[in-house]
Student: 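Starting off with a structure, shown below.
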Amino acid sequence: MPYFLGYTYVAVFLLFGILIPVGALLANRLLAPRHPDPEKLQAYECGLATPSDNTLPYNVRYYIFALLFVVFDVETIFLYPWAVAFNRLGLFAFVEMIVFIGILVVGLVYAWKKRLLEWL
Amino acid sequence: MGQPYLRLAAAALILAAFVLGTAAFLVWFERKLLGRMQVRPGPNRVGPGGLLQPVADILKLTVKEDILPEHADRPLFRLAPLMAFVPAFAAFVVLPFGPGLVSADLNIGLLWILAVSTVSVLALIAAGWASNSKYALLGGMRAAAQMISYEVPLVLSLIGVVLAAGSLRLGRIVAAQAHLWFAVPQVLGFIVYLIAATAESNRSPFDLPEGESELVAGFHTEYSGVRFAFFFLAEYSYVFLAAAIATLAFLGGWSGPFLPPVVWFLVKTYAVIFFIIWLRATLPRIRIDQLLSFGWKVLLPLSLVNIFLVGLFRFI
Amino acid sequence: MPEAFGILTLATLGGALGVVLATDVVHSAYFLVLAFLGVAGYYFLLGGEFVGAVQILIYAGAVAVLFLFAVMLTRRRADPVWGRSPARWLGVGGAAALLAWLLLTHLERHPWPTKLPPPAPHNTALIGKALFRPFVVPFEVVSVLLLAALVGALLLARKEGGAS
Amino acid sequence: MPSLGDFLAVGAGLFVLGLFGALMKRTAVAVLMGIELMLNAANLNLVAFAAFSGRISGQIFALFVIALAAAEVAVGLAILLSLFRSRATVRMDDIDLLKG
């Protein structure tokens, strides 16, 4: 398939992906009733009045997992070209990639040893 | 000049119909199966065998009032369902249903699905944040933490496949399995993929983001009507996509004797979906600490071992 | 093609403008995602398929999530986003406008090539090969950099010594 | 067909907007976002030059820049988090640890 034709398909799919929900929302706007009242518009809170501002104190763990994710995600982007070209690369590239992964595994082991992989 | 545009629009329309139909069918399939596994009939009122139940559900959701909670972040609240659905639909552009039966066989096909589906994480965070409700927010954060934790083993488990096929093009990956399904030499990768993909689509036993007993309904607590429907649609699209990738990357794709390729592809995909639903019916929900440490301490090392083994076997 | 370029320019620069002008940091983060996706679109347009996919995967998928988590961990409703002194507005705005003017007029004078060579079908394999022939040292350095970043960031983000 | 200059012009626009944001925003997270925009502008130029010259090295550089940017954001935001924990603020004016 020619390169640009393929991405034209992608563009058309993106367009349709937007048009379908927009169309459904328009249909909803025409068909659905609209009777807002203050009780209904409150956020769910087991029957109590809802505090208007929900800035909760968060667990920093979330950020730690996001951190690990970013670093290992970057690792995978170097693995893909390596895997695709693997048959043409030979042993040298294999060893280089083991070194690359090995260095990052050190980071994982560090996080593991420091008990950062646990949810406390 | 008119004809290529016609083809483009036709492909998108057919796929759109397929995605909507599949999501509706999956809802019925899952409810029916769960019912059977729990020794109850499941939906059986609307249409034969309850087959029209999802159609009724969709109609109901379309005419429901669209509630925008007070104090919500309006633009983000409105956009979140779109952000969830568009990438799910865009992923289907590279999905081959048979030899040549694909809208766009991109060179980076597999990577396109993986890249586009990560964007959905942002939709969940947006929904959680914009609702301005603590249950939704916690659900959104949990969903995001879970999805990013299982994204890494998921992607790594597929590296072995790419390595063996030497291409990211999905057609090539299927062709490379002409003699042996990748699920056989790469059992480890296949198992890691199945678990990670189940967790990615936030399904039981990994459905913590919407753990009803603690978080009401997770990130879509405040959503109703059509907007809720699109979150659902996106979720079921991802279930289908996860099973389809399992089929294409590990189970030989559309290849098989006697039956036409499309049928084989769908049979294999639905077998994987059956397995995912079976998991849901069998296993209890795990805790978030178990979930995260399992992803990082078990699945991630296992997927690295899989890559190493596949690479090593190439030299022997 | 020109249409695609126009739409992408709208998304990219619109997103960037949104990042700068939005009063809510969460909105800024989502505008940032729009700009990232626009840039990914340019990469596809330029035949850099792999880099385009990576742009979506890393920037829209990972970096944006990191930003959002950080925003949600540190956000205070009362934090003003703007409120700089008029002198700073004038200074920075003037400097930015001058820079933009310099860059754009300079760009206009140069006869740039208009013909894009056809995209290589084996984009990803080419990158793989180049990564292990001429670029193998920087490639290994990247892993050390990532390790350093990981350990450093983990140390900083750890819960120790902080009440929050 | 857009020329190389058009891509570079978009890169320039992105860079200027990023610079303006980085210098004008008060919340530190937003400043980092401006820096990300500038890095993206540089990357766009790299890939554009690579494409128009028919060579691959620009794209490899872009990959390295992406890896670098990810590492930079990870560390930058971690610094912010630890600052926020000790000072309860992410406003740039209030962060003056070095001013005795």
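In what follows, chains carry the letters A, B, and so on, assigned in the order in which the sequence lines appear, proteins first and then strands, with residues in each chain numbered from 1.
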Student: What part of A/Val70 is in contact with chain D, defined as an atom under 4.5 angstrom from a non-hydrogen atom: side chain, backbone, both or neither?
Tutor: side chain

Student: Go through A/Val74 and D/Ile66 one step at a time and tell me if the side chain to side chain contact (heavy atoms under 4.5 Å, CB included) criterion holds.
Tutor: CA-CA 8 Å; A/Val74 172; D/Ile66 289 176; 5.7 Å; no

Student: Can you tell me how far CG of D/Leu77 sits from OH of A/Tyr63, rounded to the nearest 0.5 angstrom?
Tutor: 4.0 Å

Student: At a 4.5 Å cut-off on heavy atoms, which part of D/Ala71 comes close to chain A: side chain, backbone, both, or neither?
Tutor: neither

Student: If you draw a 6.0 Å radius around CZ in D/Phe61, do more than 12 non-hydrogen atoms from other residues or ligands fall strictly inside?
Tutor: no

Student: With a 4.5 angstrom heavy-atom cut-off, which part of D/Val73 approaches chain A: side chain, backbone, both or neither?
Tutor: backbone

